[in-house]
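Chain letters run A, B, ... following the sequence lines, proteins first and then strands; every chain starts at 1. Nothing here was measured: the structure is a model prediction, and the numbers come from that model.
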Amino acid sequence: MQEKYQPQEVELAAQAHWQKTGAARAVEDADKPKYYCLSMFPYPSGKFHMGHVRNYTIGDVLSRFYRMQGFNVLQPMGWDAFGMPAENAAIQNGAPPAEWTYSNIEYMKGQLQRLGFALDWERELATCRPDYYRWEQWLFTRLFEKGLVYKRFGTVNWDPVDQTVLANEQVIDGRGWRSGALVEKREIPMYYMKITAYAEELLAGLDRLPGWPEQVKLMQKNWIGKSEGVRFAFPYEIDGKAEKLWVFTTRADTIMGVTFVAVAAEHPLAAHAAKTNPELAAFIEECKQGGVAEADLATMEKKGLPTGIFVTHPLSGEKIEVWVGNYVLMGYGDGAVMAVPAHDERDFAFAKKYGLPIVQSVGATIDGKEQVFSTDAWQEWYASKDSYCVNSGKYTGLAYQQAVDAIAADLAALGLGGKKVQFRLRDWGISRQRYWGCPIPIIHCDSCGDVPVPDEQLPVVLPENVSVTGAGSPLAKMPAFHECVCPKCGRPARREIDTMDTFVESSWYFLRFCCPDNDRAMVDERVAHWCRGGIDQYIGGIEHAILHLLYSRFWTKLMRDCGLFGEERLDEPFANLLTQGMVVAPTFYREDAEGRKTWINPAEVELSTDERGRPVAARLRADGQPVSIGGIEKMSKSKNNGVDPQALIDQYGADTARLFIMFASPPDQSLEWSDAGVEGAYRFLKRLWRIVFEHVSVGIAPAFAGGELPDGLKTFRRQLHQTIGKVADDYGRRRQFNTAIAAVMELLNAYARLNDDSAPARAIRQEALEAVTLMLYPIVPHLCEALYAELRPGHAAGEQAFPRADAGALARDEIELVVQVNGKLRGSIKVPTGADEGAIGAAAVASEAAQRQLQGGAPKKVIVVPGRLVNIVI
RNA sequence: GCCCGGGUGAUGAAAUCGGUAGACAUAGCGGACUUAAAAUCCGCAGCCGCAAGGCGUACGGGUUCGAUUCCCGUCCCGGGCACCA
């Protein structure tokens, strides 16, 4: 055995060994329980960042752990290869997006292999390959025929200078990121997937996902946003015709407090009023400015203008004026809302601003005191549902629910509405006016309309050799692509040039991993094998909590309802979900005279600290001059605070990178980068190597096989087996890897203090080191593979069963209990393991610490918590 | 603005079901080894206090024998908001 730990050598040898033995190959095997361990596949942006390394390390640790637990593990990897960055790169450097993407994939695959992840590369897929997306197109045509895909107008960001549609990300402060032009809203035809048809099931299904974090389920629940309320109409007359203005409300009990109605700028009523009202027309035009992102809409100043059109209150018969409000969204419900300024905070502010009437219609009694309403300032209780109607005619006195029931019944009797369940969830618009995506398989025919591409003509292949300019899709300029004949009537027709949202590819890739080689079907019976009961573990960033995870759940249900899973009823794709936190790092910058910041990478900065280790100043290594210290933020290109995993691997090896990442914080919390921490991880691996080296150089011994031990060795062996139990629990149940590592470190600290070279001690050392290398194997597999082969020549760590705690080693005959007086720690006592509560309490009261506090008096109460403490109340 | 998280030593963190706050590590300080340095090993260390003791888990309240943990309110930081992936 070599004396010095040489990570590069050790790692390449281990990787060669795994490759030779096909250790990561997953073959369907009915004799073993399966474990499908999936990490979110990456976008091939060029090179990996630390977030990826963290994600895939967690997946690899679990994969290796479950393999040692006897499972048949599938851990696949692929590429989410369509997307905007490839087009942006193409605009910058002229290379076609396909070429850029494929070369990134090649480089990044090498990085993953160098990190030693046990991935089954025979199942690799890339979503930009026709053999992948043809099935997406195929399913799209099925859904189109079933009416689950439909076409309607949708609102997009339009850059009037570049003449192109912009993503929300490309709209910065209301302007196009390249042109700087003010962005406008524009209505264009788009294809939608009817996710709302599955709203109820997507909501109810959350309750059947015990392996998901509560946080994620709650976010999805609120996103779907089921609310029970009343949809009703305000009748009105226009050009002599009777019409109805529909609204939805969850506060029908406040209906007698309605003082105006607000409609969206795009509402037909607004357009009608604008015809004769230039001021209103100008306002509607103004509302078109800016992007479509909800965060922007919700934070902008609330503005409105009256239309001069009046509708009739359905219950009071009063005339109510219709306003146009920039805060009313056409995409939600009916694009109109009833306004009750007295009982809705936003309506209150709006009414105050424009001098509209505020009429109280519900009251509340808090702590027996009837609350007094005043229009001077908003008060919390105005919007409370713990209320009763006032000034509300026949409804006066009714509590919230009674009032809603009575009002809904009366509206229904008038034929003007009734109770309704409403979802916040909207249908999923999947059309993208971009080139680098999966072509939408539709042909537009002047006589037959929108015709899906027949199966035998699939896939609609995306031409790869194109030049991208940023102004419109290159496909529009390629007659060879878009000129075609109608599959129905045979006349000349146009092929759709929009592509699909890239969320579509990522909504089913995990199913295709089961059967990537099938060229005759989208999925086959191997899906049932690997996905039975759901994918056993899915790991990815918390930023995907809603969209990706909701769309994937939806697509799985679509595929199920298209009969693609046969007898197997796969309702939910992911049985267990682990959402990892972000990787963050300190930021450093310099400011020029105009206040523009230049961000400096932490690797180029030298930190100086005071005598207690607090950072006080930072300077640039290159020139020795000071730089400013910024906050700790998510690693990003814009803040230049990313740490390149490759540099880390080159310097310390993959195992150090893996250990640091798993030790620095629990997986679901954010992880702060620290060079010193990396150094510490490396030091620990060197120490482990040296400990094994010292043991092996004396000569390996047979591991301890039972028998009596002196106290010191007995205590150490108890700690060893406690550690084994804890580590298995941390890996398998708690998913808390940092504490598993800490427990092994503690064990090794105790090992170093053993100071005993007797024959029994050597046997215990052998037992401990074998267990330690197996326990750490999932995290630092290369190193442990090498060390285990030294401890047990001819055996591979990865092929061993995970160690089991020996119950006999855990037994003890005396335990220590804490003695508290009035909840404060005052001392401790030792009692026999099986002592009863009365005896323990008496021993605690008799203890010196308790007597000092009691000063001869008697305790008021003695609380014994078995195995923990005794609290004496005096 | 709305929804969801988080806030504990100088730093990353631990405390698993309401029961010893700060395990393990980093940085720091001291010592051993060394001609010296690096590496390595050993020790110290929440804050105040000589000590006894007191205080301490963002802040203010509450429940409890006992609260980092549960409840109410406030502040700050982060994620998502439907065309970034």
- [ ] Report the distance from atom CG of A/Leu297 to atom C1' of B/rC2, rounded to the nearest whole Å.
- [x] 12 Å
- [ ] Scan every strand shown for a Watson-Crick or G-U wobble partner of B/rC47, both distances under 3.5 Å, and answer none if you come up empty.
- [x] B/rG54
- [ ] Pick base, sugar-phosphate or nothing for A/Asp668, based on heavy-atom distances below 4.0 Å to the nucleic acid.
- [x] nothing
- [ ] Name the residue closer to the 5' end of RNA chain B, choosing between A/Asn822 and A/Leu671 according to the nucleotide with the nearest heavy atom.
- [x] A/Leu671
TODO: Could you tell me whether A/Arg868 contacts a base, only the sugar-phosphate backbone, or nothing, with contacts defined as non-hydrogen atoms closer than 4.0 Å?
DONE: sugar-phosphate
Task: Pairwise P distance for B/rA23 and B/rG43, with rounding to whole Å - done: 14 Å
Task: Whole-angstrom distance between B/rA13 and B/rC48, as gauged at atom C1' - done: 25 Å
Open item on the list: Between A/Arg826 and A/Glu848, does any side-chain N to carboxylate O distance fall below 4.0 Å?
Closed with: no
Task: Glycosidic conformation of B/rC17, taking syn as within 90° of 0 and anti otherwise - done: syn
Open item on the list: Can you tell me the base-pairing partner of B/rG73? Count Watson-Crick or G-U wobble geometry only, both distances below 3.5 Å, and say none if there is no partner.
Closed with: B/rC59
TODO: For A/Ala676 and for A/Lys686, locate the closest nucleotide of RNA chain B by heavy-atom distance; then report the residue assigned to the nucleotide nearer the 5' terminus.
DONE: A/Ala676
- [ ] Hey, can you tell me if A/Tyr682 and A/Tyr5 have their rings parallel, tilted or perpendicular (30° and 60° cut-offs)?
- [x] tilted
- [ ] Could you work out the separation of B/rG78 and B/rU68 based on their P atoms and round it to a whole Å?
- [x] 27 Å
Task: A/Asn755 CG - B/rC42 P separation (whole Å) - done: 11 Å
Open item on the list: Can you tell me whether the side chain of A/Asn871 and the base of B/rC65 have a donor-acceptor pair closer than 3.5 Å?
Closed with: yes
Open item on the list: Under a plain distance cut-off of 3.5 Å, with no hydrogens placed, do A/Asp159 and A/Ser179 share a side-chain donor-acceptor pair?
Closed with: yes
Open item on the list: Using a heavy-atom cut-off of 4.0 Å across all strands, would you classify A/Asn738 as base, sugar-phosphate, or nothing?
Closed with: sugar-phosphate
Task: Distance-only side-chain donor-acceptor flag, A/Asp427 / A/Thr196, under 3.5 Å - done: yes
Open item on the list: I'd like to compare against my own output: the B/S/- annotation of nucleotides 79-85 of chain B with a strict under-4.0 Å heavy-atom distance to protein.
Closed with: BSBBBSB
- [ ] Tell me the partner of B/rG1, counting only Watson-Crick (N1-N3 plus N6-O4 or O6-N4) or G-U wobble (N1-O2 and O6-N3) with both under 3.5 Å; none if nothing fits.
- [x] B/rC81
- [ ] State the pairing partner of B/rG19; accept Watson-Crick or G-U wobble contacts with both distances under 3.5 Å, and report none otherwise.
- [x] B/rC65
Task: Nearest-Å distance once atom P is located in both B/rU69 and B/rA58 - done: 8 Å
Open item on the list: Taking any heavy-atom pair under 4.0 Å as a contact, classify A/Arg346: base, sugar-phosphate, or nothing.
Closed with: nothing
Open item on the list: Check A/Asp501 with A/Arg432, please: is the shortest side-chain N to carboxylate O separation under 4.0 Å?
Closed with: yes
- [ ] Assess the pair A/Tyr133 and A/Phe82: is the distance between their ring centroids shorter than 6.0 Å?
- [x] yes
Open item on the list: Does A/Lys824 contact B/rU20 through a side-chain donor or acceptor facing the base, at a distance under 3.5 Å?
Closed with: no
TODO: Find out whether the Lys NZ or Arg CZ of A/Arg152 is both under 6.0 angstrom from the six-membered ring centre of A/Tyr192 and within 45° of the ring's axis.
DONE: yes
TODO: Ignoring the backbone of A/Gln736, work out which of B/rC4, B/rA15, B/rG19 is nearest its side chain.
DONE: B/rA15
- [ ] Take atom CG of A/Leu825 and atom C1' of B/rG53, then tell me their distance rounded to the nearest Å.
- [x] 14 Å
- [ ] Provide the distance between the two P atoms, one in B/rC42 and one in B/rU26, to the nearest whole Å.
- [x] 12 Å
Task: Selected nucleotide, minimal atom distance to A/Gln820 side chain, candidates B/rA13, B/rU20, B/rC24 - done: B/rU20
Task: Syn or anti for B/rG12 (syn when the glycosidic angle lies within 90° of 0) - done: anti
Open item on the list: With no hydrogens and no angle check, just 3.5 Å: does a side-chain donor-acceptor pair link A/Gln736 and A/Asp730?
Closed with: no
Task: Whole-Å distance separating the CG atom of A/Leu549 from the C1' atom of B/rC3 - done: 16 Å
Task: Nucleotide forming a Watson-Crick or wobble pair with B/rA39, both distances under 3.5 Å - done: none
TODO: Would you mind telling me which of B/rG54, B/rG19, B/rA14 lies closest to the side-chain atoms of A/Arg826?
DONE: B/rG54
TODO: Rounded to the nearest angstrom, tell me the gap between atom CD1 in A/Ile224 and atom C1' in B/rC4.
DONE: 15 Å
Open item on the list: Taking any heavy-atom pair under 4.0 Å as a contact, classify A/Leu218: base, sugar-phosphate, or nothing.
Closed with: sugar-phosphate
- [ ] Quote, to the nearest angstrom, the P distance that separates B/rG19 from B/rC71.
- [x] 15 Å
Open item on the list: I'd like to know if the side chain of A/Gln170 pairs up with that of A/Arg178 as donor and acceptor (distance under 3.5 Å, no hydrogens or angles considered).
Closed with: no
Task: Nearest-Å distance for atom pair CD/P, residues A/Glu672 and B/rA13 - done: 7 Å
Open item on the list: Please encode protein proximity along nucleotides 68-76 of chain B as a string of B, S and -, counting only heavy-atom distances under 4.0 Å.
Closed with: ---------
Open item on the list: Are more than 12 heavy atoms, taken from residues, nucleotides or ligands other than A/Lys353, located less than 6.0 Å from that residue's NZ atom?
Closed with: yes
Open item on the list: Whole angstroms only, please: what is the CD1-P distance between A/Ile863 and B/rU20?
Closed with: 14 Å
Task: B/rA85 versus B/rC70 - spacing of their P atoms, nearest Å - done: 37 Å
- [ ] Tell me what A/Phe663 touches on the nucleic acid: a base, only sugar-phosphate, or nothing, going by heavy atoms under 4.0 Å.
- [x] base
TODO: Quick one: label A/Val873 by what it contacts on the DNA or RNA (base, sugar-phosphate, nothing), any heavy atom closer than 4.0 Å.
DONE: sugar-phosphate
Open item on the list: Heavy atoms only, 4.0 Å cut-off, all strands: where does A/Lys217 land among base, sugar-phosphate and nothing?
Closed with: nothing
Task: Any A/Arg690 side-chain nitrogen or oxygen under 4.0 Å from OP1 or OP2 of B/rC41 - done: yes
Open item on the list: Do A/Glu816 and A/Ser828 pair up side chain to side chain, a donor and an acceptor below 3.5 Å, judged on atom types alone?
Closed with: yes
Task: Length of the CD-P vector between A/Glu214 and B/rG6, whole Å - done: 12 Å
TODO: May I ask you to check whether A/Phe41 and A/Trp79 place their ring centres under 6.0 Å from each other?
DONE: no
Open item on the list: Pairing donors with acceptors under 3.5 angstrom, does anything connect the side chains of A/Glu679 and A/Tyr652?
Closed with: yes
Task: Nearest-nucleotide pick for A/Asn222, side chain only, options being B/rC3, B/rA21, B/rG5 - done: B/rC3
TODO: Answer yes or no: does a side-chain N or O of A/Arg683 lie under 4.0 Å from OP1 or OP2 of B/rA38?
DONE: no
- [ ] For B/rC41 and B/rU57, measure between their P atoms and round to the nearest Å.
- [x] 36 Å
TODO: State whether the number of non-hydrogen atoms from other residues, nucleotides or ligands found under 6.0 Å of A/Glu3 atom CD is greater than 12.
DONE: no
TODO: Sort out the partner of B/rC24 for me: Watson-Crick or G-U wobble, both distances under 3.5 Å, none otherwise.
DONE: B/rG12
